[in-house]
Structure formats: C-alpha cells, structure tokens
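Reading through the structure tokens given below for one structure.
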Amino acid sequence: MLALAGAAALAASAYQSGWQGNWLLASVFAAERILPLVGLGLLLGQLPRRALPFALASLVFGTAAGILFREPFFTLMAAVSGAAAHFFLTGPIACVLIGLPLVLPRCARAWIALPLLAPVGAALAIATLLGDPTLHEWSYRPLAFAAEVWISATVALAAPAFDRTWFTIAARIFASWLIAIGFLYGGAYMAARRTALEPPPFPALPDDGAFPGFGRVLQELDGKEPAG
C-alpha cells in the first residue's frame, strides 16, 4: 500500500508538470541520487530488527546535522578539486558509505552500518538541498524528502520478503557496484577541468584615455569629429 500510494502521488506530481524536465522532483530521481537511496533501503531491510531503531536514529541525526552544518561542509570540501561544481561530491560519498556495510556478510553489517548511517544521512540531506531547482520554494523540501523516504522505505519493506541466499548475494553485488560507482564518478569529477564555481571574467574595456568608453561621446559634445 505504501508503494502504491507513493507511486500514485509521484505520478500525479509528474503529470501536473507535463512529464517534462521541469518536474519539481526530477533531480531526486537522477541516477546519482536514486542509486544510494535504493542501496540504503536494501541495507535497512537486511539489518537485524534489534539494530533497526538505532540505525534509523543514526540516519535521522545525520540528516539533521547535514542540514544544520552544511556550510562548514561546503568550506571543507571547497578545497577538493571538482567538488564545488558537482554537488560537493555528496552522491559519490553516499554511494561509498552505503556500499561498504552492504558488501559485508550480514552478521557484520550492523556494526559497520550504525556509525556510517549518520554521514550517509548528512550527505543525502545536503544533496537534496543542493538539488533544489526552485530557488527555495517552500514545497520542494518536504516533497523531496518524502520522495526519498518513500524510495528507501519501499525497498526496505520489500527486502525481507526476498530473504533468500540469492538475494543476499545480489545485494552484495549491488553494493560492490555502488562502491565502484562512487569512486569512479568521484574521481572523474575531481579530474574534470571544471574545478570551481567561478564567475566568468568581465570583458576588458578599451583604453580610451581618462574617460574609458566615453571618448567618442565627449568628442561629439565638443563638436569634434570622432576618430574612426
């Protein structure tokens, strides 16, 4: 029911936007955002039940910390080549942090996942804020966070229904892909030529004596024939 209700709400939202690129939540469903959300759902769905409350608390704490302390994170990551131009590498960071515990055997996942879910929540929250295409319209943030919770919760609730050996192996393979994608895309962003968000240089004004740009006007006011 949760999956169907969320899918219906998202379809209605996309239909109202005309199924075009101006959909409010288009950035949430980009590959760089949806892959770690699916991985997060797999991780939560395969954690022991006794560890799940602590995992959710760590995730919520990290989300709140990411929202409140995003400016120091921007300052820290600004020195990293290519970070400022690519959402401060929050997508690759989330992929690696989710993939690390998910690739481990199930008996060892909880011990690694609990401390890593806080930075995962922070990275996903910062990516959500940076992906706002509306210039801080009030409706974007609750809708974006609700869509992300729906994606991860749907996968997490469906995962126990496939509690088989083959599904555990498939989840670990997916986790290895997440880690590889995180490192490959993060490295590609860092190696890109666009290393910082810098405004383009202003065009140089022609040297026109003591009054740059007004020489021709001043000559006409003095009754002289402008040169050239």
Side-chain angles (χ1 to χ4, degrees), residues 27-48 51-52 54-56 58-63 65-66 70 73-74 76-77 79-131 147-160 162-192 194-195:
S27 62
V28 176
F29 288 86
E32 188 174 329
R33 299 277 296 282
I34 201 169
L35 285 176
L37 291 172
V38 172
L40 177 61
L42 287 174
L43 179 60
L44 294 176
Q46 294 189 355
L47 286 178
L52 193 56
F54 301 99
L56 293 177
S58 178
L59 189 63
V60 172
F61 172 78
T63 301
R70 60 186 182 276
F73 174 78
F74 295 158
L76 179 65
M77 292 294 294
V80 179
S81 176
H86 298 97
F87 281 16
F88 291 91
L89 304 183
T90 48
I93 289 173
C95 285
V96 172
L97 293 179
I98 293 171
L100 286 176
L102 190 58
V103 80
L104 297 175
R106 297 186 67 168
C107 58
R109 285 180 187 171
W111 299 102
I112 305 299
L114 291 180
L116 290 183
L117 282 174
V120 165
L124 292 176
I126 293 172
T128 303
L129 298 180
L130 291 175
E148 292 175 353
V149 170
W150 173 77
I151 294 170
S152 295
T154 300
V155 176
L157 293 175
F162 300 93
D163 192 8
R164 302 291 187 273
T165 302
W166 65 267
F167 187 76
T168 301
I169 296 174
R172 295 179 68 181
I173 294 174
F174 179 74
S176 65
W177 289 351
L178 281 181
I179 297 173
I181 289 171
F183 280 116
L184 288 174
Y185 274 88
Y189 290 157
M190 293 172 66
R194 189 182 177 190
T195 58

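Of all heavy-atom pairs between Pro92 and Glu32, the closest is CD-OE2, 3.6 Å. Across all non-hydrogen atoms, the minimal contact from Ile98 to Gly39 is CG2-C, 3.5 Å. When all heavy atoms of Ile93 and Ala123 are compared, the pair lying nearest together is CG2-CB, 4.4 Å. Shown here for Ala147 and Val28, the closest heavy-atom pair between the two residues is CB-CG1, 4.3 Å. Scanning all heavy atoms of the two residues, the minimum distance from Ala31 to Pro36 falls at O-CD, 4.3 Å.
Under the rule for a ring pair (Phe, Tyr, Trp, His ring centres under 6.0 Å), the partners of Phe74 that lie at least two apart in sequence or sit in another chain are Phe88. For Arg109, the side chain to side chain donor-acceptor pair (under 3.5 Å) test picks out Gln46, with sequence neighbours left out. Residues passing the side-chain contact (heavy atoms from CB on, under 4.5 Å) test with Leu56, sequence neighbours excluded: Leu44, Leu52. For Ala122, there are no side-chain contact (heavy atoms from CB on, under 4.5 Å) partners at least two apart in sequence or on another chain. For Thr63, there are no side chain to side chain donor-acceptor pair (under 3.5 Å) partners at least two apart in sequence or on another chain.
If you take SG on Cys95 and CG on Leu100, they are separated by 11.0 Å, rounding to the nearest 0.5 Å. Atom CG of Leu37 is separated from atom CH2 of Trp150 by 11.0 Å, given to the nearest 0.5 angstrom. With rounding to the nearest 0.5 Å, the separation of CG in Leu47 from CZ in Phe54 is 12.5 Å.
For residues 174-190, there are no salt bridge (Lys or Arg N to Asp or Glu O under 4.0 Å) pairs, not counting sequence neighbours. Residue pairs meeting the salt bridge (Lys or Arg N to Asp or Glu O under 4.0 Å) criterion with at least one partner in residues 99-108, sequence neighbours excluded, are Arg106-Asp163. For residues 83-92, the set of pairs meeting the salt bridge (Lys or Arg N to Asp or Glu O under 4.0 Å) definition, not counting sequence neighbours, is empty.
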Acceptor/donor pairs from residues 110-118 side chains to any protein atom, 3.5 angstrom cut, sequence neighbours excluded:
none

Identify each donor-acceptor pair in which a side-chain atom of residues 166-173 lies under 3.5 Å from a protein atom, sequence neighbours left out, and give them as a table.
from: Thr168; atom 1: OG1; to: Arg164; atom 2: O; distance (Å): 3.3
from: Arg172; atom 1: NE; to: Val103; atom 2: O; distance (Å): 2.9
from: Arg172; atom 1: NH2; to: Val103; atom 2: O; distance (Å): 3.3

Side-chain donor/acceptor pairs under 3.5 Å, residues 177-187, sequence neighbours excluded:
none

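A distance-only check finds a donor-acceptor pair linking the side chain of Thr90 to the backbone of Phe87 [under 3.5 Å].
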Practice problem: Any chance you could lay out the side-chain contact (heavy atoms from CB on, under 4.5 Å) test for Leu40 and Leu124, step after step, and finish with the verdict? | Solution: CA-CA 10 Å; Leu40 177 61; Leu124 292 176; 4.0 Å; yes
Self-check item: Working for side-chain contact (heavy atoms from CB on, under 4.5 Å), residues Met77 and Ile126
Solution: CA-CA 12 Å; Met77 292 294 294; Ile126 293 172; over 6 Å; no
